[in-house]
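Before any comments, here is the structure.
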Amino acid sequence: MQEKYLPPEIESAAQAQWASKQVYRAAEASDRPKYYCLSMFPYPSGRLHMGHVRNYTIGDVLARYHTLRGFNVMQPMGWVAFGLPAENAAIANNVPPAAWTYANIDHMRTQLQALGFAIDWSRELATCKPDYYRWEQWLFTRLFEKGVIYKKMATVNWDPVDATVLANEQVIDGRGWRSGALVEKRDIPMYFFRITRYADELLSGLDNLPGWPERVKTMQANWIGKSVGVRFAFPYQLDGQDEKLWVFTTRADTIMGVTFCAVAAEHPLATRAAADNPGLAAFIAECKQGSVAEADMATMEKKGMDTGLKVTHPLTGEQVPVWVGNYVLMSYGEGAVMAVPAHDERDFGFAQKYSLPIRQVIEAGEVREAKKAIEAGGLTEKGLAQCEKVLSDSQFTPERWQVWYEEKNGVCVNSGKYDGLDYTAAVDAIAADLAALNLGEKKTQFRLRDWGISRQRYWGCPIPIVHCDNCGDVPVPADQLPVVLPEDVVPDGSGNPLNKRADFVNCTCPKCGGAARRETDTMDTFVESSWYYARYACPDFDGGMLDARANTWLPVDQYIGGIEHAILHLLYARFFHKLMRDEGLVTSDEPFANLLTQGMVIADTFCREAADGKKTWFNPADVEMRDGVAILKSDGQPVIVGGTEKMSKSKNNGVDPQALIDQYGADTARLFTMFAAPPEQSLEWSDAGVEGAHRFLKRLWKLAFEHVQGGVVAACSGGDLPDAAKTLRRQLHQTIQKVSDDIERRKQFNTAIAAVMELMNALARLEGDDAITRSVRQETLEAAAVMLSPIVPHVAEALYAELKPGVAMVWPTVDEAALVQNEIELMLQVNGKLRGQVSVAATATREVIEAAALASEAVQKYLEGQAPKKVVVVPGRLVNIVI
RNA sequence: GCCCGGAUGGUGAAAUUGGUAGACACAAGGGACUUAAAAUCCCUCGCCAGCGAUGGCGUACCGGUUCGAGUCCGGUUCCGGGCACCA
């Protein structure tokens, strides 16, 4: 055995052996239970960053642990290879996105392999390859024919200078990131997946996912946002026609408080009113500026303008003014809302700004009670005072009205026949009255909107539709798939270059054979990532999307990925799974049985801003702090310190693990990453402490080396031991218990590592070279190597091979007999404060413990001869004496 | 703005079900070994008072429940993730 720990030699030897023996290749034919361990596949941005290392190490620890536990493990890897960064790189460097992407994949695959992950590389896939997206196109055509996919208008960010659609990320402070032009909203036709048809199942299905974090399920449930409300209409007459303005509300109980309505700038009512009102037309044009992102809509200043038109309140017959509001979006709901400024914060602000009437229609329950009591009379002086206090404490203020509204525990006032009704009764009565008038009904609504998947971009999966003047939108027949994306294209940032490719665009109609045009929009990249987990089961199948192997492996037993994907990716994948189920491709209802959401690895961002507002982002590795000022190393000039954000391509704050691997080896990088924090916690990146992780591996190596030098022996398997050896062996088996639980149930690896560190510290202190002590040492080192092997596989395998040559690793089992302890120590508290300890037999009864505690010097000192008021005994933990 | 999380020593963190706050590490300081350095090993290390024994305070902030709160409840601040075209 080598005396020195030499990571480069150990790691390359181990990796070469794993590769040549294909040890991580998963076989379908196995009598062992399957364990499908999947980490979210990376976007090939160029280099790995610490977020990837963390994600894939977590997955690898779980995969390797389950292999040691006897499972047939599959851990695949691939690339979500279409996307915006490739087009940005193409514009910046004049390289085709395809070439850039494939080069990145090669580099990142090498980096992943250097980290020693137990990946079945025979299943590798890249979503930009025709043999992958072919089946996505095939499913698209099936769903199109079924009506699950449909076409409608949708609003996008339009850059009028670059004449291109912008992603939300590319709109900065309302301007295009490259041109600096003011961004406009523009309506274009897009294809949509009818995800809302599955809204109920996506919501109720969350209850069948006990292996998912509560926070993710809460976020998804809120996102889907099921609410029961009332859809109703305000009738009006315009140009001699009877029309209806439809709105939806979850608070029909406040309908009597409506003092105006607000419609979107694109609403037909607004368009009509603007026809003979230039001021309004100008305001509508203004509303069309800015991005479509919800965060921008919610934070912008709420503005409006009166259309001059009035609609009729369906219950009071009052004339209600209609305003155009810049915060109302045509594509959400009805494109119009009723406004109750007395109880809705946004409506209140709007009404104040434009001096619109505010009418209270909800009153807190206790106010109502107090008023009633006073009216009825006969109150005692004290009772009257109490009621009056309630009233004076509840003077009408907009803040109070809003609270009464939010808490839904008030009653209606100023609402005519509905006065005195509570929330439920009022909603029911009002809905019934509206229904009787044929002007409304109760309706279940979802916040979730249909999924628009058209992207006006080149580097994506072509939408398999042909536009024919005679036949309309015709799906490409299966035998003509895939519609192959040409890979020799370099986008220039002004629109989709596919539009300029006659060889791509021009085609014949599959239906009538006439000249036709191919759709040039590509699909949202979330479509590719919505089914890759299933394709890993049968990546080589060319007879269809999936074969029977998909049902062998699905559902994924453990899915691991960033919390950033809690809603969109995970919801889309769940939706897609149900689409595939309904196509008969899979039999399960949900794709991911257990989910581990990794906390973000975050790092500082640094940038410089050019005169035109364009920002250049610098990698933290290229920046240093001098006297509290961030300086770019290359030119010595200052840079702006941005926020601390998740590592990303766009902010260039990804920390490449390569330097760490080169200096210390993959095992140290893995160990350090797992030791830094528990997986679910977000982690501000710092390599301070990596020395400690490396030192531990060196110490471990040295302990094993020293033992092996004296000759390997059979591991201890119990029996009578000297005290020191017995104590160590107890700690060993406690550690096995803890590490197993930490990895399997808690999925918290930092504490598992700490426990093995403690065990190794204790082992280093164990003296004696007798046969029994050496056998305990052997048992401890063997178990430590196995317990660490999921985290640091290279060094652990090398050590195990020295300790137990020619034998395969098996996860150690806990020897219950080794755990037995005769005496335990209890903490003594007086009035909840720690005042001492007492030793008692492990079997001691409550009475014995209490007596021992009261007799102890520490407690006697505080009792001063008095009897305690109360004694609390917590078995195995402490005694608290209350005096 | 809305939804979901988080905040514990100089630093990363631990405390699993309401029961010893700070395990395990990093950094720092002191010492051993060395011609010297590196490496390694040993010791100290929440804050305040005290020579010490010990005592008081302490888990972002304010309040509450409890024999007992880092943990539960109400409110606040700051930080991170998401907000449907970054992936």
Side-chain angles (χ1 to χ4, degrees), chain A residues 40 42-43 45 80 83-85 88 156-157 165-171 213-216 218-223 225 291-300 302 327 345-346 447-457 524-526 529 562-569 571-572 597 599-600 602 643-646 648-651 672 675-678 680-684 686 688-693 695-696 698-699 702 738 741-742 745-746 748 750-751 753-758 761 764 825-829 831-834 837 869-872 874 876-882:
Chain A
M40 291 180 187
Y43 177 79
S45 54
V80 58
L84 202 51
N88 297 340
V156 294
N157 303 307
V165 175
L166 296 179
N168 285 334
E169 187 190 53
Q170 296 173 316
V171 181
E214 279 310 316
R215 62 168 163 166
V216 174
T218 306
M219 281 190 262
Q220 290 212 350
N222 290 345
W223 184 262
S291 96
V292 298
E294 193 195 282
D296 293 335
M297 300 292 293
T299 49
M300 73 182 175
K302 308 291 179 288
Y327 59 94
E345 203 179 330
R346 189 178 61 184
R447 205 187 77 95
L448 180 71
R449 307 194 300 263
D450 275 339
W451 176 14
I453 55 108
S454 295
R455 298 290 179 270
Q456 297 68 43
R457 271 190 260 291
D524 180 0
T525 56
F526 273 129
S529 56
I563 185 66
E564 57 194 312
H565 294 297
I567 297 173
L568 292 182
H569 161 61
L571 190 67
Y572 291 148
T597 43
M600 295 289 88
I602 57 177
T644 312
E645 298 180 35
K646 69 167 176 170
S648 74
K649 180 89 186 158
S650 60
K651 294 286 173 71
F672 176 59
F675 188 56
E680 305 228 84
Q681 194 164 309
S682 67
L683 178 63
E684 196 168 332
S686 156
V690 66
E691 286 279 356
R695 239 183 331 243
F696 170 68
K698 286 200 281 191
R699 254 198 326 269
K702 191 176 151 213
K738 174 162 181 58
D741 186 51
D742 277 351
R745 180 180 63 86
R746 296 216 300 156
Q748 183 169 302
N750 55 332
T751 47
I753 294 165
V756 181
M757 284 177 169
E758 281 182 86
N761 290 344
E825 192 141 276
L826 297 181
M827 296 302 121
L828 293 181
Q829 290 183 343
N831 288 340
K833 294 203 176 202
L834 184 68
Q837 304 93 35
K869 279 189 192 146
K870 187 173 177 182
V871 179
V872 181
V874 183
R877 294 228 178 241
L878 57 71
V879 183
N880 186 19
I881 288 143
V882 186

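The sequence lines fix the lettering, A, B, ..., with proteins before strands; numbering per chain opens at 1. Quantities reported herein were computed from a predicted structural model and do not represent experimental measurements.
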For [N] and [M], measure between their [atom1] atoms and round to the nearest Å.
N: G74(B); M: C24(B); atom1: P; answer: 36 Å
N: G63(B); M: U54(B); atom1: C1'; answer: 33 Å
N: A7(B); M: G56(B); atom1: P; answer: 28 Å
N: A87(B); M: G22(B); atom1: P; answer: 47 Å
N: G18(B); M: G9(B); atom1: P; answer: 23 Å
N: U34(B); M: G50(B); atom1: P; answer: 41 Å
N: G75(B); M: C3(B); atom1: P; answer: 12 Å
N: G81(B); M: C26(B); atom1: C1'; answer: 27 Å

Starting at [atom1] of [X] and ending at [atom2] of [N], how long is that distance when rounded to a whole Å?
X: Phe526(A); N: A84(B); atom1: CZ; atom2: P; answer: 11 Å
X: Arg449(A); N: C83(B); atom1: CZ; atom2: C1'; answer: 9 Å
X: Asn761(A); N: C26(B); atom1: CG; atom2: C1'; answer: 15 Å
X: Glu169(A); N: A87(B); atom1: CD; atom2: P; answer: 8 Å
X: Arg215(A); N: C3(B); atom1: CZ; atom2: P; answer: 17 Å
X: Ile563(A); N: C79(B); atom1: CD1; atom2: P; answer: 20 Å
X: Arg447(A); N: G82(B); atom1: CZ; atom2: P; answer: 15 Å
X: Asn750(A); N: A25(B); atom1: CG; atom2: P; answer: 13 Å

TODO: Using the criterion of both pairing distances under 3.5 Å for Watson-Crick and G-U wobble pairs, give all stems of 3 or more consecutive pairs involving RNA chain B.
DONE: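 Ordered by first number, the stems with RNA chain B (at least 3 consecutive pairs each) read B:1-7 with B:77-83, B:10-12 with B:24-26, B:28-32 with B:40-44, B:46-49 with B:54-57, B:60-64 with B:72-76.
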Is it the case that the base of [N] and the side chain of [X] share a donor-acceptor contact (distance under 3.5 Å, atom types as modelled)?
X: Lys738(A); N: U16(B); result: yes
X: Arg745(A); N: U16(B); result: yes
X: Lys651(A); N: C86(B); result: no

Open item on the list: Quick test of your reading of the model: are Lys649(A) and Glu169(A) salt-bridged, counting only N-O distances below 4.0 Å?
Closed with: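 Salt bridge flag = no for Glu169(A) with Lys649(A).
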Can you tell me if [X] touches the phosphate of [N], counting only side-chain N or O atoms and a distance under 4.0 Å to OP1 or OP2?
X: Arg695(A); N: A38(B); value: no
X: Thr525(A); N: A87(B); value: yes
X: Lys702(A); N: A39(B); value: no
X: Asn168(A); N: C86(B); value: no
X: Gln220(A); N: C83(B); value: no
X: Gln681(A); N: A13(B); value: yes
X: Arg746(A); N: A15(B); value: yes

Of the candidate nucleotides [options], which contains the atom at the shortest distance from the side chain of [X]?
X: Met757(A); options: A25(B), A84(B), G82(B); answer: A25(B)
X: Glu294(A); options: A84(B), C41(B), C4(B); answer: A84(B)
X: Trp223(A); options: A84(B), A39(B), G19(B); answer: A84(B)
X: Glu645(A); options: G81(B), G1(B), U20(B); answer: G81(B)
X: Met219(A); options: C83(B), A13(B), G81(B); answer: G81(B)
X: Phe675(A); options: G19(B), G12(B), G80(B); answer: G12(B)

TODO: With RNA chain B as reference, determine whether Ile567(A) or Trp451(A) sits nearer its 5' end, using the nearest nucleotide of each.
DONE: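 The answer here is Ile567(A).
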Open item on the list: Assuming nearest nucleotide by heavy-atom distance, tell me which of Val156(A) and Ile753(A) is located more 5' along RNA chain B.
Closed with: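 So the residue in question is Ile753(A).
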State the [atom1]-[atom2] distance between [X] and [Y], to the nearest 0.5 angstrom.
X: Gln170(A); Y: Asn88(A); atom1: CD; atom2: CG; value: 6.0 Å
X: Glu825(A); Y: Gln837(A); atom1: CD; atom2: CD; value: 5.0 Å
X: Gln220(A); Y: Leu448(A); atom1: CD; atom2: CG; value: 10.0 Å
X: Arg449(A); Y: Trp223(A); atom1: CZ; atom2: CH2; value: 7.0 Å
X: Leu571(A); Y: His565(A); atom1: CG; atom2: NE2; value: 14.0 Å
X: Leu828(A); Y: Asn880(A); atom1: CG; atom2: CG; value: 9.5 Å

At under 4.0 Å between heavy atoms, what does [X] touch on the DNA or RNA strands: base, sugar-phosphate, or nothing?
X: Gly452(A); value: sugar-phosphate
X: Ser650(A); value: nothing
X: Gln748(A); value: sugar-phosphate
X: Thr751(A); value: sugar-phosphate
X: Lys869(A); value: nothing
X: Lys649(A); value: nothing

Task: Minimum side-chain heavy-atom gap Met40(A)-His569(A) below 4.5 Å - done: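 The answer is yes, as the side chains (C-beta and beyond) meet within the 4.5 Å cut-off.
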Task: Note, Arg215(A) side chain near Glu680(A) side chain (heavy atom, < 4.5 Å) - done: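 In short, these two side chains touch, coming nearer than 4.5 Å.
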Open item on the list: Counting only heavy atoms from other residues, nucleotides and ligands, does the tally under 6.0 Å from CZ of Arg877(A) exceed 12?
Closed with: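 Counting other residues, nucleotides and ligands, CZ of Arg877(A) stays at 12 neighbours or fewer.
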- [ ] Step by step, work out the side chain to side chain contact (heavy atoms under 4.5 Å, CB included) result for Val292(A) and Asn168(A).
- [x] CA-CA 7 Å; Val292(A) 298; Asn168(A) 285 334; 3.7 Å; yes
TODO: Based on the glycosidic angle (syn within 90° of 0, else anti), state the conformation of G9(B).
DONE: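 Here G9(B) takes the syn form, which means its glycosidic angle is within 90° of 0.
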- [ ] Mark up nucleotides 62-75 of chain B, 5' to 3', with B wherever a protein heavy atom is under 4.0 angstrom from a base atom, S wherever such an atom reaches only the sugar-phosphate, and - elsewhere.
- [x] -----BS-------
TODO: Could you tell me how the ring of Tyr572(A) sits relative to the ring of Trp451(A): parallel (under 30°), tilted (30 to 60°) or perpendicular (over 60°)?
DONE: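 If you compare the ring of Tyr572(A) with that of Trp451(A), the planes turn out parallel.
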- [ ] Under the salt bridge (charged side-chain N to carboxylate O under 4.0 Å, His left out) rule, collect the residues that match up with Lys738(A), sequence neighbours excluded.
- [x]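 Lys738(A) satisfies salt bridge (charged side-chain N to carboxylate O under 4.0 Å, His left out) with Asp742(A) only.
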- [ ] Mind listing the closest non-hydrogen atom pair of Phe675(A) and Asn750(A) along with its distance?
- [x]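 Heavy-atom minimum between the residues: O-CB, 3.5 Å.
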